[in-house]
Amino acid sequence: MRVSSAVPSIGFLNWLIVHHRCTHTRGQVMTNYDPDAIEARWQAAWNDASAFESDVDLSRQKFYCLEMFPYPSGQMHMGHVRNYSIGDSMARFRRLAGFNVLYPMGYDSFGMPAENAARRIGGHPHDVTWSNIEGIRSDLNRMGFSYDWRRELATSDSSYYRWNQWIFLKFHEMGLVERRTAPVNWCDSCDTVLANEQVKNNRCWRCAGEVRQKDMAQWFLKMTKYADELLDELDHIEFPENVKAMQRNWIGRSHGADIHFPIVDSDDVIKAFTTRPDTIFGVTFVTLAPEHTLCENLVAGTEFEENYRKLADECARLSEFDRINMLRDKKGVFLGRYATNPLTGTKVPIYAGNFVVASYGTGAVMAVPGHDQRDHDFAKKYEIPILQVLSEDEGKDPKVTGRAFEGLGWMANSGLPGFDGLYGDNAKAAVIEALEKEGMGAGTIQYRLKDWLLSRQRFWGTPIPFIHCQSCGVIPVPEEDLPVELPLDVVFTEGESGNPLANHHGFVNTNCPSCGATAKRETDTMDTFYDSSWYFLRFADALNDSTPFSKESADYWMEGGVDLYIGGIEHAVMHLLYARFFTKALRDAGLHNVSEPFSRLVCQGMVNAPAPFCAECNVEYHVDIEGTPCPTCGNTLGSRSAKMSKSLGNTVSPEIMIEKYGADTVRLFILFGANPEAGMDWSDSAIDSNHRQMRAIHSALIQGIENDVGVGTMDEWLLARSRQAHNNWTDNMSNVSLRDGVMISHFEMVTDWQWAQRRGGVSASAGREYLNHWIPMLYPATPHLAEEMWEMLGNKTMLAQTILNLSPRQNDSDAIVLGQEEYLKRVIDRARSVRELAERHTEGTLSAVNIQTANDWKEILASQAIQMHNDDFDFKAGGNKFLQTQKCFQDESTKGDVMQFWRALVVGQKKRRGRIYTWGEQELALLSSSEFDEVDFISNNAGFIASTLGIESVEVYRAGEGEDVAGKARTSLPLEPGIAWR
RNA sequence: GCAGGGGUUCCCGAGUGGUCAAAGGGGGCGGACUCAAGAUCCGCUGUCAAGCGCUUCGCAGGUUCGAAUCCUGCCCCCUGCACCA
């Protein structure tokens with residue numbers, strides 16, 4: 001069979017007609033994508049329809065989508081835009097899927113910035129905060145986020161913080177509140193104490209000012225009671241690995257033993273905590289933190305006192321930060337006394353060491369220089385004996401290497417029966433058992449986690465609801481007197497420090513609820529992390545004014561936790577740990593039945609933008625100095641992607657971008673720029689190209705809506721593609737792989753539509769069906785455009801109120817319909833790739849393509865091999881035998897070709913496996929179909945191929961049935977025809 | 001030091017044993033349309049002698065018929081914690 005075609009096929013003409021109409025007869029109004037008008041219109045429509053309000057409905061499956069609520073600092077930044085674009089897309093997607101979606105928003109509005117701002121401008125933090133909230137709210141609305149605004153809350157509103165106080169009283173009843181005098185972290189510049197979690201490198205987490213220790217009466221929440229549960233439950237929640245690691249690290253549970261070392265000639269005992277009781281026989285000295293109370297007792301009045309005092313003073317004088325920096329230099333002083341190893345009775349010297357931390361464990365360390373590198377260094381410096389009591393190799397004596405062997409090993413040299421030869425946990429257990437028997441110690445667990453210090457000496461926070469009475473002590477404010485409100489008649493002035501609450505007589509002076517005498521209110525307020533530790537529960541029932549939330553609401557919306565929680569990694573320890581603790585404590589208070597607040601956490605990556613960078617100094621600079629040499633070394637500055645920040649000046653204003661491109665484009669850019677957890681780089685050209693993409697989508701949709709073609713050649717294919725796309729899209733969206741989802745909905749769907757037009761067009765009815773599938777896919781990421789087009793398509797119900805069937809779609813014929821088109825694309829692709837070669841080998845211009853499909857016998861062998869493969873035929877064992885029975889194998893002239901082809905079919909060569917293993921569903925469908933014939937298919941599409949390749953004709957026949965152009969007959973395979981140019 | 005995550009083509013970034021010279025996007029280049037610009041569309045974007053060629057997924061080895069993918073060692077980057085006993 002030979003086909004020659006110089007005329008475009010029917011389909012091709014069809015496309016020209018459609019194309020023609022679109023570009024010339026359509027009105028200008030319809031062709032313009034006008035995001036401002038569309039977005040305003042639909043935001044109003046959603047609002048009018050209360051489309052995003054959701055209530056408890058036990059008959060429906062819920063989906064609680066939550067973002068870390070913002071601190072209202074005035075304006076929304078790109079980090080917010082990213083965070084909330086992700087959340088909004090997921091909320092909208094889940095609504096489409098039929099879930100009852102709770103998607104609320106609020107403001108974490110207590111805190112120091114408002115207080116400082118009020119001081120600066122001479123107002124009240126309340127006013128500063130509320131005007132900032134107005135600003136953020138309007139930005140959020142401009143982005144079109146689909147919150148249930150009825151549930152909006154602000155933690156600085158007494159309708160919220162009264163429940164902070166209520167819960168605090170509850171915790172007090174439960175014994176979780178404690179007021180005690182303790183050394184606390186004090187930040188001079190913030191004028192308040194800080195929780196442990198808020199101190200990094202001995203600097204304040206907010207202002208980076210140095211933190212110093214101070215003894216004060218403070219309020220604590222006993223979070224340590226929940227340490228084990230907080231740690232163990234990490235295994236059952238879907239948090240990113242690094243977040244889990246940070247929390248584990250922070251809780252810092254270590255198993256070990258407290259071991260008692262009696263002091264010689266004294267009744268005192270040194271209790272040392274160790275994680276390595278198995279090394280007890282290697283103890284050659286004991287080290288105390290200089291602050292340890294025993295030091296003073298032991299050394300007083302001895303010749304060693306002066307040295308000790310020097311060390312202790314040095315440690316006390318240095319901040320902990322400096323101390324860590326100085327600690328390369330391990331220092332210790334002998335205290336003149338000895339302690340006894342409780343198992344061996346050996347006397348070992350007692351030292352004070354600057355590297356022992358008073359606040360961890362017991363502040364005393366048993367030193368084993370043979371198996372701890374720090375102790376090893378110390379022992380060498382002060383010429384203390386080093387004993388090896390663990391062997392690296394079973395049954396052998398320990399090696400002496402000049403370094404400590406810190407791994408687990410087999411016990412040796414214990415000098416007591418029953419220990420040598422024990423390994424690891426067994427060794428530890430044996431030592432603990434012996435200690436317990438002697439009453440000289442016990443197995444124990446240490447935590448790094450401390451109780452949460454939550455009082456702050458600041459104004460703009462929740463007042464701690466307690467009253468100090470001369471005779472009754474510190475007693476709680478009765479529940480009916482809540483809330484204890486912050487006074488509004490407070491004047492903030494610049495330069496004034498301290499807590500204005502303390503000087504506010506109306507607030508401070510009250511009567512004791514118990515005895516009625518005059519009394520003073522507590523003026524400390526709560527850490528703002530307290531506010532955010534349960535706001536997700538309040539959202540479940542935000543309008544309740546008789547309890548923080550009803551049990552029914554909490555149990556419905558919070559069942560299994562918030563389904564998707566999105567926010568920044570900076571809260572990995574503090575907020576997320578506190579919130580987990582709160583949830584468990586409130587569960588134990590009987591307020592709900594939930595154990596973990598967040599079942600899945602997604603930490604969105606940074607939004608970066610270029611900043612000047614000196615590679616030499618490894619420093620990023622403010623964008624202002626772009627183009628100048630490095631201020632430090634004078635080298636030419638390069639550029640590097642860096643987190644958007646005020647200090648670098650590389651921020652991009654969301655408002656300006658929305659104004660320029662519209663909210664949908666900004667959303668698309670954010671979602672397409674990177675998957676949620678990856679960092680993304682801001683790029684002006686990228687957002688521009690995303691805007692072009694929005695226009696391309698818009699015009700494709702308009703074209704589809706106006707399409708009135710009666711019969712379309714690409715109907716089947718386009719609909720098959722849409723089913724395939726639907727399935728992949730649903731999977732990606734369900735997994736929060738938004739980038740991949742958007743790639744399908746906003747890129748591949750357009751490409752397919754355009755391909756269908758080029759290939760002959762689609763009918764009006766198929767086009768509408770395609771749009772009916774496509775437009776809802778556009779909705780989660782770019783809801784405004786989707787609603788507009790959905791309506792234009794004639795739908796009366798908004799997408800915001802539409803539920804789709806998202807179960808997989810598939811027609812039996814899809815594989816073959818899709819496979820054919822793939823085949824065509826591949827043929828064209830291969831033709832292009834050999835074109836250049838052909839041009840070099842041919843004189844004159846190329847005007848035709850010659851295609852030879854595989855010989856008959858190849859197709860027969862291929863389908864037999866596929867069949868045999870399905871039946872698990874052993875090709876290694878029986879392949880050759882089978883081949884010999886084949887007719888094509890008898891012909892001596894083609895025997896070699898048959899062998900070679902068979903190999904390509906069932907074995908493969910080099911890195912490529914045999915075709916029977918690599919053919920996919922579509923290829924297999926084509927090969928086994930009686931309807932698909934390569935020669936027929938190519939000749940039917942010869943016009944398209946010719947016009948696409950820009951040539952005059954395409955000829956096609958089965959190898960052997962025509963001239964063997966360029967010897968391509970031999971190389972042709974089923975679905976991979978030989979292609980030559982002429 | 002410990003823990004977690006990384007290193008892929010000009011850039012960003014997908015890819016966790018064979019259909020991989022490696023998706024997609026950005027950028028660049030070329031072309032079509034146009035008086036022109038923008039927009040839009042099409043193509044190219046490791047290499048050559050054009051082949052089921054050669055080289056390439058941080059470096060060096062190993063496992064395998066076959067490695068970007070698995071294993072071992074090393075180097076580098078990011079994040080967090082840090083004389084935590």
Side-chain angles (χ1 to χ4, degrees), chain A residues 19 23 31 200-201 240-250 252 254 256-257 259 272-276 279 286-287 289 323-324 326-330 353-357 359-368 371-375 377-378 406 446-448 569-570 572-573 603 606 608 641 669 672-675 677-681 683-693 695-696 699 737 739-740 742-744 747-748 751 754 757-758 832-838 840-841 876 900 903-904 907-915 917-920 922-923 948 950 971 973 976:
Chain A
H19 189 74
T23 47
T31 58
K200 315 220 154 171
N201 285 336
E241 275 315 311
N242 55 340
V243 174
K244 288 191 186 183
M246 279 188 253
Q247 294 212 358
R248 286 195 188 104
N249 205 312
W250 190 264
S254 43
I259 302 180
F273 173 74
T274 181
T275 53
R276 296 297 302 276
T279 63
V286 173
T287 319
R323 194 165 148 192
I324 287 165
M326 307 270 298
L327 275 178
R328 294 170 222 297
D329 185 22
K330 288 188 191 20
N354 64 351
F355 60 97
V356 179
V357 180
S359 60
Y360 182 78
T362 57
V365 180
M366 67 174 215
V368 186
H371 302 284
D372 182 289
Q373 192 55 42
R374 286 161 310 177
D375 295 344
D377 297 344
F378 193 91
E406 298 188 312
Q446 272 292 332
Y447 299 91
R448 195 177 160 283
I569 186 73
E570 66 274 18
V573 174
C603 291
M606 302 281 179
N608 303 312
S641 196
F669 167 77
F672 185 62
N675 260 326
E677 306 201 296
M680 70 182 291
D681 293 332
S683 145
D684 292 333
S685 59
I687 191 167
D688 213 68
S689 92
N690 279 287
H691 191 237
R692 289 202 298 273
Q693 189 69 22
R695 281 207 292 265
S699 63
S737 297
R739 181 177 201 277
D740 303 334
V742 162
M743 171 114 69
I744 294 169
F747 290 82
E748 289 177 13
T751 310
Q754 286 165 347
Q757 302 309 316
R758 289 178 54 211
R832 280 197 182 112
S833 72
V834 293
R835 175 176 215 154
E836 204 183 318
L837 172 65
R840 243 176 284 165
H841 287 258
K876 252 186 191 156
Q900 200 182 348
R903 216 181 137 66
V907 180
Q909 56 281 87
K910 297 229 170 161
K911 282 163 72 172
R912 192 159 182 191
R913 298 189 83 199
R915 295 295 196 278
Y917 303 104
T918 61
W919 277 321
Q922 292 177 7
E923 279 116 342
T948 300
T971 64
L973 300 174
E976 295 168 59

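Proteins get letters first, then strands, A, B, ... in listed order; numbering begins at 1 in each. Small disclaimer: the values here were computed from a predicted structure and weren't measured.
- Rounded to whole Å, atom C1' of B:C81 lies 13 Å from atom CD of A:Gln247.
- If you check B:C44 for Watson-Crick or wobble pairing at under 3.5 angstrom, you find it paired to B:G28.
- Distance noted for atom C1' between B:U19 and B:C52: 13 Å (whole Å).
- Between A:Val365 and A:Ala245, the residue whose closest nucleotide on RNA chain B is further toward the 5' end is A:Ala245.
- Under 4.0 angstrom from either OP1 or OP2 of B:A82 there lies at least one side-chain N or O belonging to A:Arg448.
- The main-chain N or O of A:Met743 is never found under 3.5 Å from a side-chain atom of A:Glu748 such that the two would form a donor-acceptor pair.
- The side chain of A:Phe672 lies closest to B:G25, out of B:C81, B:G25, B:A85.
- Across all strands shown, B:U69 remains unpaired; no Watson-Crick or G-U wobble contact has both distances below 3.5 Å.
- Comparing B:C57 with B:G13, their C1' atoms sit 13 Å apart, to the nearest whole Å.
- Across the protein-nucleic acid pair, A:Glu923 atom CD and B:U19 atom C1' stand 7 Å apart, rounded to whole Å.
- In this structure B:C81 sits in a base pair with B:G1, meeting the Watson-Crick or G-U test at under 3.5 Å.
- Checking B:C83, B:C84, B:A85 against every side-chain atom of A:Asn354, the shortest atom distance belongs to B:C83.
- In this structure, A:Met246 places its CE atom where more than 12 heavy-atom neighbours from other residues, nucleotides or ligands lie under 6.0 Å away.
- The main-chain N or O of A:Thr948 is never found under 3.5 Å from a side-chain atom of A:Arg758 such that the two would form a donor-acceptor pair.
- Taking atom CZ of residue A:Arg915 and atom P of nucleotide B:U19, one finds them 11 Å apart after rounding to whole Å.
- Shortest non-hydrogen contact noted between A:Ala289 and A:Val356 is CB-O, 3.5 Å.
- Between A:Asp375 and A:Val368 the shortest heavy-atom distance is OD2-N, 2.8 Å.
- Using C1' as the reference atom, B:A60 and B:C75 are 10 Å apart when rounded to the nearest Å.
- Note on A:Asn249: a base of the nucleic acid sits closer than 4.0 angstrom, heavy atoms only.
- With a 3.5 Å ceiling on both atom-pair distances, B:C35 lacks any Watson-Crick or G-U wobble partner.
- In this structure, A:Met743 reaches the bases: a heavy-atom distance under 4.0 Å links it to at least one base atom across the strands shown.
- Panel note: side chain A:Asn675, backbone A:Glu677; no donor-acceptor pair is recorded below 3.5 Å.
- One P atom belongs to B:G43, the other to B:G26, and the distance between them is 14 Å to the nearest Å.
- Atom-to-atom, CD of A:Gln373 to P of B:C84 comes out at 13 Å; the value is rounded to the nearest Å.
- Base pairing annotation: B:A23 forms no Watson-Crick or G-U wobble pair, as no partner gives both donor-acceptor distances under 3.5 Å.
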Stepwise side chain to side chain contact (heavy atoms under 4.5 Å, CB included) test for A:Gln446 and A:Thr275 | CA-CA 9 Å; A:Gln446 272 292 332; A:Thr275 53; over 6 Å; no
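- At a threshold of 4.5 Å between non-hydrogen side-chain atoms, the residues A:Met680 and A:Asn608 do not count as touching.
- Separation of the C1' atoms belonging to B:U56 and B:U69 is 15 Å when rounded to the nearest angstrom.
- Only the P atoms considered, B:C59 is 15 Å distant from B:C76, to the nearest whole Å.
- Each of A:Arg276 and A:Ala686 was assigned the nucleotide of RNA chain B with the nearest heavy atom; the assignment lying further toward the 5' end belongs to A:Ala686.
- Counting to the nearest Å, the C1' atom of B:C84 and the CG atom of A:Asp372 are 11 Å from each other.
- Taking atom P in both B:A68 and B:G62, the straight-line distance is 15 Å, to the nearest Å.
- Taking the six-membered ring where tryptophan is involved, the planes of A:Phe273 and A:Tyr360 are perpendicular, since the angle between them exceeds 60° and thus also 30°.
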N/O contacts under 3.5 Å, protein versus nucleotides 38-43 of chain B?
unit_1: B:U40; atom_1: OP2; unit_2: A:Arg692; atom_2: NE; d: 3.2
unit_1: B:C41; atom_1: OP1; unit_2: A:Gln754; atom_2: NE2; d: 3.3

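- When all heavy atoms of A:Ala272 and A:Val365 are compared, the pair lying nearest together is CB-C, 4.1 Å.
- Comparing the same atom, C1', in B:A21 and in B:G51 gives a spacing of 14 Å after rounding to whole Å.
- At whole-Å resolution of the value, CG in A:Asn690 and C1' in B:G25 are 9 Å apart.
- When rounded to the nearest whole Å, the span between NZ of A:Lys244 and C1' of B:C81 equals 19 Å.
- When the side chain to side chain donor-acceptor pair (under 3.5 Å) test is applied to A:Arg739, no partner is found at least two apart in sequence or on another chain.
- Under a 4.0 Å N-O distance rule, the pair A:Glu976/A:Arg915 qualifies as a salt bridge.
- Across all strands shown, B:C74 forms a Watson-Crick or G-U wobble pair, both distances under 3.5 Å, with B:G58.
- Following rounding to the nearest Å, A:Phe355 (CZ) and B:C83 (C1') show an atom-to-atom distance of 7 Å.
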Contact pattern, 5' to 3', of nucleotides 5-15 of chain B - B, S or - by protein heavy atom under 4.0 Å = -------SS--
